[in-house]
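Everything below concerns the one structure shown next.
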Amino acid sequence: DAQPAKQAAPSPAEPTAGTQSPLSGRVSGLTGSITAFTVRETATSTIVEMAADTLFAFDSADLSQQAEEPLGKGADLIRRGGEGEIVIGGHADAAGSDSYNEKLSRLRAQAVRNWLAARNVAPAARFRIDAAGETQPKVPNVHADGRDNPEGRAQNRRVEVIIPKG
């Protein structure tokens, strides 16, 4: 398990896709741990979930140096998977506007697709981007009493890769 990423103050600038950026291994004010890479199976697919805080710096779509390991594990699973469409879904927490979170989640999913395509993991035509933004949280972004839930928001920032089974 990788250490969570350091959170900085949100940037007012629009997110942009890129390739690499430095990333520290700590999260300020976050007491829980983030599982950087999980795999679950369904009857028809393998779903790989990667914590965005491991793949990207806060408020960025630039892949971090830490991203290499989870992306490499995901690439191995894609190579062993079946034929068909591979869906790369970007997810965000509820901080920021709906449109900003949709755009950031799309750019993050595209960055993962670009990394995989550049390494010839699968033909580019097999990848489909799904920008979920903040619409599919795993856990609440706020506690029942309305207080911020930083641990929950961290879990909601993720990229999922859905790989068809062979």
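Positions are given from 1, in the same order as the sequence printed here.
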Please tell me whether Leu77 and Val161 are part of a single hydrophobic cluster in this structure, the criterion being side-chain heavy atoms less than 4.5 Å apart.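 The answer is yes; both residues are in one hydrophobic cluster.
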Any link between Val121 and Val39 through a network of hydrophobic side chains (Ile, Leu, Val, Met, Phe, Trp, Tyr) touching at under 4.5 Å?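 Yes, same cluster.
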Contact between [X] and [Y] at the side-chain level, heavy atoms closer than 4.5 Å - yes or no?
| X | Y | answer |
| --- | --- | --- |
| Pro70 | Leu55 | yes |
| Asn156 | Asn141 | yes |
| Phe56 | Val159 | yes |
| Ile162 | Thr46 | no |
| His91 | Glu160 | yes |

So which atom in [X] and which in [Y] form the shortest heavy-atom distance, rounded to 0.1 Å?
| X | Y | answer |
| --- | --- | --- |
| Pro164 | Glu85 | CD-O, 3.3 Å |
| Ala109 | Gly90 | CB-N, 3.8 Å |
| Ala57 | Arg108 | O-NH2, 3.3 Å |
| Ser60 | Asp62 | OG-N, 2.9 Å |
| Lys165 | Ala43 | CD-O, 3.8 Å |
| Ala61 | Ala111 | O-CB, 3.5 Å |

How long is the span from the [atom1] atom in [X] to the [atom2] atom in [Y], to the nearest 0.5 Å?
| X | Y | atom1 | atom2 | answer |
| --- | --- | --- | --- | --- |
| Tyr100 | Asp59 | OH | CG | 3.0 Å |
| Thr38 | Met50 | OG1 | CE | 9.5 Å |
| Ile86 | Leu116 | CD1 | CG | 8.0 Å |
| Ile78 | Phe127 | CD1 | CZ | 5.0 Å |
| Ile129 | Arg113 | CD1 | CZ | 4.5 Å |
| Leu71 | Gln66 | CG | CD | 11.5 Å |

Test side chain to side chain contact (heavy atoms under 4.5 Å, CB included) applied to Thr42 - qualifying residues, sequence neighbours left out: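 Thr42 satisfies side chain to side chain contact (heavy atoms under 4.5 Å, CB included) with Thr44, Ser45, Ile47 once adjacent residues are dropped.
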Test side chain to side chain contact (heavy atoms under 4.5 Å, CB included) applied to Glu69 - qualifying residues, sequence neighbours left out: Lys73
I need the full list of salt bridge (Lys or Arg N to Asp or Glu O under 4.0 Å) pairs touching residues 132-148, with sequence neighbours left out, sorted by first then second residue. Glu49-Lys138, Asp145-Arg147, Asp148-Arg153
Quick check on side-chain contact (heavy atoms from CB on, under 4.5 Å): which of Thr54, Asn101, Asp53 does Arg157 satisfy it with?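 The option that passes is Asp53.
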